[in-house]
Amino acid sequence: MESDGEEEAAATPGAGGAPAAGRLKGCPELMVDDDMREMAKTAAWSVSSCKPGNGVASLRDDNLDTYWQSDGAQPHLVNIQFQRKVQLQLVVVYVDFKLDESYTPSKISVRAGDGFHNLKEIKTVELSKPVGWVHISLSGADPRETFIHTFMLQISVLSNHLNGRDTHIRQIKIYGPRPNHVPHQPFHFTSREFVTYSTVR
(Lines give C-alpha, C1' and ligand atoms only; values in the text may rest on other atoms or scores of the structure.)
Protein backbone atom coordinates (compact mmCIF):
# COMPACT_ATOMS: atom_id res chain seq x y z
CA MET A 1 0.00 0.00 0.00
CA GLU A 2 1.04 3.62 -0.35
CA SER A 3 3.23 4.75 2.48
CA ASP A 4 2.17 8.39 2.39
CA GLY A 5 -1.60 8.39 2.44
CA GLU A 6 -1.80 11.86 3.93
CA GLU A 7 0.39 13.33 1.19
CA GLU A 8 -1.62 11.62 -1.54
CA ALA A 9 -4.88 12.80 0.01
CA ALA A 10 -3.61 16.36 -0.30
CA ALA A 11 -3.17 15.81 -4.02
CA THR A 12 -6.68 14.40 -4.43
CA PRO A 13 -9.06 16.88 -2.75
CA GLY A 14 -12.16 14.91 -3.68
CA ALA A 15 -10.95 11.58 -2.40
CA GLY A 16 -11.83 11.88 1.26
CA GLY A 17 -14.20 14.77 1.73
CA ALA A 18 -12.31 17.92 2.71
CA PRO A 19 -8.83 18.28 1.22
CA ALA A 20 -5.91 17.64 3.52
CA ALA A 21 -4.37 20.83 4.86
CA GLY A 22 -1.06 21.88 3.42
CA ARG A 23 1.24 20.68 0.73
CA LEU A 24 3.08 17.53 -0.25
CA LYS A 25 6.34 16.82 1.55
CA GLY A 26 7.53 13.52 0.09
CA CYS A 27 8.32 10.06 1.43
CA PRO A 28 11.80 8.50 1.80
CA GLU A 29 10.78 5.11 0.39
CA LEU A 30 9.18 4.39 -2.98
CA MET A 31 6.22 2.15 -2.14
CA VAL A 32 3.24 1.61 -4.42
CA ASP A 33 0.34 -0.82 -4.38
CA ASP A 34 0.99 -4.33 -5.72
CA ASP A 35 -1.85 -3.85 -8.19
CA MET A 36 0.13 -1.19 -10.08
CA ARG A 37 3.05 -1.46 -12.51
CA GLU A 38 5.53 1.04 -13.96
CA MET A 39 4.23 2.09 -17.37
CA ALA A 40 6.77 4.43 -18.94
CA LYS A 41 9.76 2.19 -19.66
CA THR A 42 9.06 2.12 -23.41
CA ALA A 43 7.57 5.63 -23.66
CA ALA A 44 9.24 8.51 -25.49
CA TRP A 45 10.53 11.08 -22.99
CA SER A 46 11.43 14.69 -23.75
CA VAL A 47 11.94 17.94 -21.81
CA SER A 48 11.44 21.60 -22.67
CA SER A 49 15.08 22.44 -21.89
CA CYS A 50 18.09 21.09 -20.02
CA LYS A 51 21.61 21.90 -18.93
CA PRO A 52 24.32 19.87 -20.71
CA GLY A 53 24.87 16.64 -18.75
CA ASN A 54 21.57 16.99 -16.86
CA GLY A 55 19.12 15.89 -19.52
CA VAL A 56 16.05 13.71 -19.72
CA ALA A 57 18.04 10.47 -19.17
CA SER A 58 18.69 11.54 -15.57
CA LEU A 59 14.97 11.22 -14.83
CA ARG A 60 15.01 7.48 -15.63
CA ASP A 61 18.44 6.22 -14.53
CA ASP A 62 17.28 5.01 -11.07
CA ASN A 63 20.01 7.15 -9.53
CA LEU A 64 18.93 9.68 -6.90
CA ASP A 65 22.30 11.45 -7.13
CA THR A 66 21.62 12.65 -10.68
CA TYR A 67 18.91 15.07 -11.80
CA TRP A 68 17.32 16.81 -14.74
CA GLN A 69 18.05 20.53 -14.65
CA SER A 70 16.00 22.86 -16.83
CA ASP A 71 17.60 25.75 -18.67
CA GLY A 72 14.94 28.22 -19.76
CA ALA A 73 11.81 30.10 -18.86
CA GLN A 74 9.02 28.58 -16.75
CA PRO A 75 7.00 26.46 -16.99
CA HIS A 76 9.49 23.59 -17.27
CA LEU A 77 8.00 20.59 -19.05
CA VAL A 78 8.54 16.83 -19.05
CA ASN A 79 6.66 15.06 -21.85
CA ILE A 80 5.90 11.32 -21.80
CA GLN A 81 4.40 9.92 -25.02
CA PHE A 82 3.15 6.34 -25.24
CA GLN A 83 2.95 4.15 -28.34
CA ARG A 84 -0.67 3.30 -27.56
CA LYS A 85 -3.40 4.53 -25.25
CA VAL A 86 -2.60 3.46 -21.70
CA GLN A 87 -4.31 3.53 -18.32
CA LEU A 88 -2.43 5.59 -15.74
CA GLN A 89 -3.11 5.97 -12.01
CA LEU A 90 -0.11 7.55 -10.35
CA VAL A 91 2.83 9.86 -10.97
CA VAL A 92 5.73 9.71 -8.51
CA VAL A 93 8.55 12.25 -8.59
CA TYR A 94 11.69 12.38 -6.44
CA VAL A 95 12.75 15.85 -5.32
CA ASP A 96 15.08 16.99 -2.53
CA PHE A 97 14.80 20.47 -1.07
CA LYS A 98 17.76 19.90 1.27
CA LEU A 99 20.08 19.40 -1.71
CA ASP A 100 18.42 21.50 -4.39
CA GLU A 101 16.89 24.43 -2.44
CA SER A 102 15.63 27.04 -4.93
CA TYR A 103 15.72 24.46 -7.76
CA THR A 104 13.03 22.40 -5.98
CA PRO A 105 9.54 22.54 -7.52
CA SER A 106 6.86 24.19 -5.40
CA LYS A 107 3.92 23.75 -7.80
CA ILE A 108 3.44 20.96 -10.35
CA SER A 109 0.67 20.46 -12.89
CA VAL A 110 -0.06 17.12 -14.59
CA ARG A 111 -1.75 17.20 -17.99
CA ALA A 112 -2.97 14.44 -20.31
CA GLY A 113 -4.23 14.12 -23.86
CA ASP A 114 -3.76 12.53 -27.29
CA GLY A 115 -0.85 14.87 -28.02
CA PHE A 116 0.46 18.39 -27.54
CA HIS A 117 -2.60 19.84 -29.30
CA ASN A 118 -5.22 18.82 -26.73
CA LEU A 119 -3.56 18.43 -23.33
CA LYS A 120 -5.89 19.04 -20.37
CA GLU A 121 -4.94 19.57 -16.75
CA ILE A 122 -5.64 16.53 -14.58
CA LYS A 123 -4.13 17.57 -11.27
CA THR A 124 -2.20 20.46 -9.72
CA VAL A 125 -0.29 20.03 -6.46
CA GLU A 126 1.79 22.26 -4.23
CA LEU A 127 4.93 21.06 -2.46
CA SER A 128 6.42 22.29 0.80
CA LYS A 129 10.19 21.74 1.05
CA PRO A 130 9.78 18.12 -0.11
CA VAL A 131 12.46 15.50 0.45
CA GLY A 132 11.73 12.13 -1.14
CA TRP A 133 9.10 10.56 -3.37
CA VAL A 134 6.03 12.70 -3.98
CA HIS A 135 2.93 10.71 -5.00
CA ILE A 136 0.42 12.42 -7.30
CA SER A 137 -2.75 10.42 -7.82
CA LEU A 138 -4.44 10.79 -11.21
CA SER A 139 -7.82 9.52 -9.98
CA GLY A 140 -10.80 11.86 -10.17
CA ALA A 141 -13.22 13.07 -7.53
CA ASP A 142 -15.61 10.26 -8.49
CA PRO A 143 -14.47 7.01 -6.75
CA ARG A 144 -15.14 5.16 -10.01
CA GLU A 145 -12.51 7.28 -11.79
CA THR A 146 -9.50 5.28 -10.67
CA PHE A 147 -7.31 5.99 -13.70
CA ILE A 148 -7.00 8.09 -16.85
CA HIS A 149 -6.81 6.72 -20.41
CA THR A 150 -4.27 8.65 -22.47
CA PHE A 151 -1.59 8.69 -25.18
CA MET A 152 0.46 11.43 -23.52
CA LEU A 153 1.28 12.81 -20.09
CA GLN A 154 2.94 16.15 -19.42
CA ILE A 155 4.44 17.15 -16.08
CA SER A 156 4.77 20.91 -15.78
CA VAL A 157 6.81 22.68 -13.09
CA LEU A 158 4.95 25.96 -12.65
CA SER A 159 7.11 27.44 -9.87
CA ASN A 160 10.04 26.66 -7.58
CA HIS A 161 10.83 27.27 -3.95
CA LEU A 162 12.46 30.61 -3.05
CA ASN A 163 11.39 31.99 -6.46
CA GLY A 164 14.00 29.87 -8.22
CA ARG A 165 14.05 30.00 -12.01
CA ASP A 166 15.31 26.59 -13.13
CA THR A 167 14.31 23.29 -11.58
CA HIS A 168 15.74 19.93 -10.48
CA ILE A 169 13.82 16.65 -10.59
CA ARG A 170 15.78 13.51 -9.72
CA GLN A 171 13.42 10.73 -10.80
CA ILE A 172 9.94 10.26 -12.29
CA LYS A 173 7.90 7.05 -12.25
CA ILE A 174 4.52 6.54 -13.94
CA TYR A 175 2.18 3.77 -12.72
CA GLY A 176 -0.95 2.15 -14.06
CA PRO A 177 -3.10 -0.88 -13.19
CA ARG A 178 -1.73 -4.34 -13.83
CA PRO A 179 -3.56 -6.24 -16.59
CA ASN A 180 -6.37 -8.57 -15.60
CA HIS A 181 -5.02 -12.13 -15.44
CA VAL A 182 -8.42 -13.79 -15.07
CA PRO A 183 -9.16 -15.68 -18.35
CA HIS A 184 -12.45 -15.03 -20.17
CA GLN A 185 -13.24 -12.22 -17.75
CA PRO A 186 -14.91 -9.31 -19.56
CA PHE A 187 -14.30 -6.83 -16.73
CA HIS A 188 -10.98 -5.23 -15.89
CA PHE A 189 -10.42 -5.50 -12.14
CA THR A 190 -7.68 -3.35 -10.62
CA SER A 191 -7.74 -4.50 -6.98
CA ARG A 192 -6.41 -7.76 -5.57
CA GLU A 193 -9.66 -8.39 -3.72
CA PHE A 194 -11.83 -8.19 -6.84
CA VAL A 195 -9.51 -10.43 -8.84
CA THR A 196 -9.45 -12.99 -6.04
CA TYR A 197 -13.24 -13.31 -5.94
CA SER A 198 -13.96 -12.80 -9.63
CA THR A 199 -14.34 -16.52 -10.45
CA VAL A 200 -16.53 -19.25 -9.01
CA ARG A 201 -14.47 -21.87 -7.21
Side-chain angles (χ1 to χ4, degrees), residues 1-8 11 24-72 75-84 86-112 122-123 125 127-139 147-148 150-157 160-161 164 166-179 190 192:
M1 295 296 293
E2 298 292 349
S3 58
D4 60 339
E6 291 184 2
E7 284 88 348
E8 187 171 350
L24 310 191
K25 291 185 175 294
C27 177
E29 300 294 331
L30 175 59
M31 298 180 66
V32 298
D33 196 275
D34 291 339
D35 297 326
M36 288 189 282
R37 60 172 178 163
E38 224 279 338
M39 299 291 292
K41 294 178 181 179
T42 60
W45 289 69
S46 63
V47 292
S48 54
S49 66
C50 65
K51 288 278 190 182
N54 297 101
V56 65
S58 298
L59 294 171
R60 300 290 295 171
D61 61 3
D62 291 320
N63 184 355
L64 300 180
D65 294 325
T66 63
Y67 50 82
W68 163 56
Q69 179 174 328
S70 63
D71 186 21
H76 306 301
L77 308 176
V78 179
N79 308 302
I80 306 106
Q81 295 172 281
F82 300 89
Q83 297 175 353
R84 57 184 177 82
V86 293
Q87 296 174 340
L88 304 177
Q89 286 181 281
L90 182 68
V91 172
V92 189
V93 300
Y94 191 95
V95 286
D96 193 330
F97 179 78
K98 290 182 179 179
L99 293 177
D100 298 325
E101 298 182 335
S102 66
Y103 288 93
T104 309
S106 61
K107 190 173 185 179
I108 293 177
S109 168
V110 180
R111 303 159 184 166
I122 301 298
K123 195 67 59 79
V125 296
L127 289 69
S128 177
K129 299 182 179 179
V131 177
W133 297 97
V134 174
H135 292 59
I136 305 172
S137 171
L138 301 179
S139 60
F147 54 80
I148 61 171
T150 188
F151 275 108
M152 180 178 176
L153 205 67
Q154 184 181 78
I155 299 168
S156 175
V157 178
N160 294 316
H161 284 73
D166 284 310
T167 199
H168 286 182
I169 297 181
R170 293 175 176 264
Q171 290 289 292
I172 298 178
K173 306 287 186 182
I174 312 292
Y175 292 92
R178 290 189 183 277
T190 58
R192 191 183 309 110

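Just so you know, residue 1 is the first one in the sequence shown, and it goes up from there.
To the nearest 0.5 Å, atoms OG1 (T150) and CD1 (I122) are separated by 7.5 Å. Rounding to the nearest 0.5 angstrom, the gap separating the NE2 atom in H76 from the OG atom in S156 is 9.0 Å. A distance of 13.0 Å separates CG in L138 from OH in Y175, rounded to the nearest 0.5 Å. Between the OG1 atom in T167 and the CG atom in N160 there is a gap of 4.0 Å [rounded to 0.5 Å]. Note: M36 CE to Q87 CD = 13.0 Å, rounded to the nearest 0.5 Å. Here the straight-line distance linking atom CG of L153 with atom CD1 of I148 works out to 5.5 Å at 0.5 Å rounding.
Contact check for D100 versus R170: side-chain heavy atoms found under the 4.5 Å cut-off. Looking only at side-chain heavy atoms (C-beta outward), Y103 and D166 come within less than 4.5 Å of each other. Using a 4.5 Å cut-off on side-chain heavy atoms (C-beta onward), L127 and T104 make no contact. With contacts defined as side-chain heavy-atom distances shorter than 4.5 Å, the pair K173/R60 qualifies. A heavy-atom distance below 4.5 Å is not found between the side chains of K107 and P75. Counting heavy atoms from C-beta outward, F82 and L88 have side chains that approach closer than 4.5 Å. When side chains are defined from C-beta on, R37 does not count as touching V32, because their heavy atoms never get closer than 4.5 Å. With a 4.5 Å cut-off on side-chain heavy atoms, S70 and V157 do not count as touching.
In terms of modelled atom types and a separation under 3.5 Å, the side chain of Q154 and the main chain of A112 share no donor-acceptor contact. Judged by distance alone, with hydrogens and angles left aside, the side-chain atoms of H161 form a donor-acceptor pair with the main-chain N or O of P105 at under 3.5 Å. Side chain of Q171 to main chain of S58: a donor-acceptor pair is present (N/O by atom type, distance under 3.5 Å, no hydrogens or angles).
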Side-chain donor-acceptor pairs under 3.5 Å in residues 43-51, sequence neighbours left out?
unit_1	atom_1	unit_2	atom_2	d
W45	NE1	A40	O	3.1
S46	OG	N79	ND2	3.3
S48	OG	L77	N	2.9
S49	OG	D71	N	2.8

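Of all the heavy atoms in V125 and K123, the pair that sits closest is CG1-CG, 4.1 Å.
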Evaluation steps, side chain to side chain contact (heavy atoms under 4.5 Å, CB included), between L64 and W133 | CA-CA 10 Å; L64 300 180; W133 297 97; 3.9 Å; yes
